Number of protein chains: 2
Amino acid sequence: MTAFLSTYVNKVDRKKRVSVPAPFRAALAGSSFGGLIVYPSLRESAIEAFSRDVLEQLNNRRMSRSLEGDDFEQLLLGGGDGLIDAVMAMVHELPFDPEGRVVLPSALAAHAGITDRAAFVGRGNRFQIWAPEAFQAHQDEAIDALRRRAGNGDGP
Amino acid sequence: MTAFLSTYVNKVDRKKRVSVPAPFRAALAGSSFGGLIVYPSLRESAIEAFSRDVLEQLNNRRMSRSLEGDDFEQLLLGGGDGLIDAVMAMVHELPFDPEGRVVLPSALAAHAGITDRAAFVGRGNRFQIWAPEAFQAHQDEAIDALRRRAGNGDGP
DNA sequence: GCTAATCCCATTGACCCCCAAATATACCCA
DNA sequence: TGGGTATATTTGGGGGTCAATGGGATTAGC
């Protein structure tokens with residue numbers, strides 16, 4: 001199911017609030033929690049975002065993976081999945097205010113270089129939040145790479 | 001259900017008191033006991049924490065395991081699960097004060113290297129308490145490992 | 001009677017809600 | 001097709017509420 005499409009740029013006010021684009025909110029509406037789950041991208045200057053349901057699936061994956069082992073042993077001794085533990089520690093839950101805005105934690109805003117405007121970038125089953133200029137540069141470069149890879153034809 | 005998310009850093013006052021983050025308190029609220037169960041992590045310089053209910057489950061599980069294994073002797077003679085026995089012996093019950101704070105036993109604080117600030121680290125089912133600097137180092141290393149593991153795929 | 005733990009209260013600051021204006025989008029009718 | 005209106009979305013700000021913190025008072029334990 002392709003939920004998050006296209007790119008929207010919204011303003012960040014002096015309280016660090018920013019409106020989540022209405023189409024994205026609609027896509028999140030089915031989720032149990034009225035808000036987003038976010039964490040800093042590990043390889044880009046951006047914030048990764050998805051629904052609470054996806055996080056639950058991640059947690060379930062850990063559970064099922066430890067089936068043959070022992071849930072409690074893992075609970076007590078640790079030594080579980082490094083990825084999942086690391087993600088749980090660095091995610092933030094951003095609830096919507098009545099107007100459909102979220103507050104960007106300053107550490108995440110800094111990571112993405114976001115100050116007064118934020119670009120919401122659809123990635124299908126998830127989306128990202130960028131500083132508009134950084135995203136523009138990243139996108140230009142990505143398109144260039146695609147063109148080169150496509151050879152000398154005139155691109156997709 | 002994924003209850004413990006994100007990382008919060010709170011101050012430890014001169015009476016060794018520290019506020020448990022409100023979202024974590026909310027997650028513990030259903031429990032029969034108004035407080036936490038903690039014990040020193042066996043593999044890290046951190047304190048492991050979870051609700052009283054989880055402890056009950058541990059006990060029940062140990063019980064049922066002994067019974068179904070026909071090892072009634074084990075239950076009675078105590079030759080059973082070394083891990084659970086060990087944990088039962090070293091856990092502490094930390095009750096909340098009216099403001100939602102707990103007092104860190106000095107042995108545990110020492111184990112984790114906690115002095116004036118404590119990082120509460122969500123791990124999904126449970127959480128940990130670290131010295132902020134130690135956690136930062138640990139998390140950085142974990143993220144590095146993830147980046148290497150991800151290699152050059154285009155994951156998050 | 002002294003020490004230590006727990007409770008009670010006050011202060012600070014962050015967060016969240018409500019209201020209101022401005023802007024953009026969709027709709028309708030001539 | 002065009003103008004104009006109605007609706008939804010985005011944006012701004014004030015104020016109340018709750019969480020975190022610090023200090024003093026009271027109780028329990030030794």
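Predicted, not measured: the structure shown is a model, and the values here were computed from it. In the text below, chain A, chain B and the rest are named by the order of the sequence lines, each starting its count at 1.
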(Q) Test: ring-ring contact (aromatic ring centres under 6.0 Å, His included). Region: residues 11-31 of chain A. Which pairs qualify, not counting sequence neighbours? (A) A/F4-A/F24, A/Y8-A/F24, A/F24-A/F127

Q.
Should the side chain of A/K15 and the base of D/dG14 be counted as holding a donor-acceptor pair, with the cut-off at 3.5 Å?
A. yes

Q: Starting at atom OH of B/Y8, determine the distance to atom P of C/dA14, rounded to an integer number of angstrom.
A: 16 Å

(Q) Quick check on the helix from C/dG1-D/dC30 to C/dA30-D/dT1: what's the angle between its two end axes, five base pairs per end, to the nearest 10°? (A) 40°

Q) Of the nucleotides D/dT9, D/dA20, D/dT11, which has the atom closest to the A/S19 side chain? A) D/dT11

Q. Rounding to a whole Å, what distance do you find between B/R25:CZ and D/dA19:C1'?
A. 7 Å

Q) Does any donor atom in the side chain of B/T2 or A/N59 lie under 3.5 Å from an acceptor atom in the other side chain? A) yes

Q. Listed by chain and number, what are the side-chain hydrogen bond (donor to acceptor under 3.5 Å, both in side chains) partners of A/Q57, not counting sequence neighbours?
A. none

Q: For A/S45, enumerate each residue passing the side chain to side chain contact (heavy atoms under 4.5 Å, CB included) test, keeping only those at least two apart in sequence or located in another chain.
A: none

Q. So what does A/V20 hit on the nucleic acid, given a heavy-atom distance under 4.0 Å: a base, only sugar-phosphate, or nothing?
A. sugar-phosphate

Q: Not counting sequence neighbours, list each pair that qualifies as a salt bridge (Lys or Arg N to Asp or Glu O under 4.0 Å) and has a residue in residues 28-40 of chain A.
A: none

Q: Output every pair passing salt bridge (Lys or Arg N to Asp or Glu O under 4.0 Å) with a member in residues 15-29 of chain A, not counting sequence neighbours, ordered by first then second residue.
A: A/D13-A/R17

Q: Figure out the CG/P separation between A/D13 and C/dA21, and round it to whole Å.
A: 18 Å

Q. Which residues pass the side-chain hydrogen bond (donor to acceptor under 3.5 Å, both in side chains) test with A/Q136, sequence neighbours left out?
A. A/D140

Q: Would you classify B/R17 as touching base, sugar-phosphate or nothing, given that sugar-phosphate means primed atoms plus P, OP1 and OP2, and contacts are heavy atoms under 4.0 Å?
A: base

Q: Just compare D/dT11, D/dG14, D/dA20 and give me whichever is closest to any side-chain atom of A/N10.
A: D/dT11

Show me the protein contacts with nucleotides 2-4 of chain C, counting only N or O atoms at under 3.5 Å.
none

For residues 100-120 of chain B, which side-chain N or O atoms pair as donor and acceptor with protein atoms under 3.5 Å away, sequence neighbours left out?
unit_1, atom_1, unit_2, atom_2, d
B/R101, NE, B/D97, OD2, 3.0
B/R101, NH2, B/E99, OE1, 3.3
B/H111, NE2, B/S41, O, 3.2
B/H111, NE2, B/E44, O, 3.3

Q.
Please check this pair: side chain of B/N10 against backbone of B/V18, looking for a donor-acceptor N/O pair closer than 3.5 Å.
A. no

Q.
Heavy atoms within less than 4.0 Å of DNA chain C: which residues of residues 91-118 of chain B have one? Give them sorted by number.
A. B/D97, B/P98, B/E99, B/R101

(Q) Measure NZ/A/K11 against P/D/dG13 and give the value in whole Å, please. (A) 11 Å

Q) Who are the side chain to side chain contact (heavy atoms under 4.5 Å, CB included) partners of B/E141, not counting sequence neighbours? A) none

**Q.** Gap between atoms CZ and C1', on B/F120 and D/dT21 respectively (whole Å)
**A.** 13 Å

Q) What pairs with A/Q139 under side chain to side chain contact (heavy atoms under 4.5 Å, CB included), at least two apart in sequence or on another chain? A) A/F135, A/I143

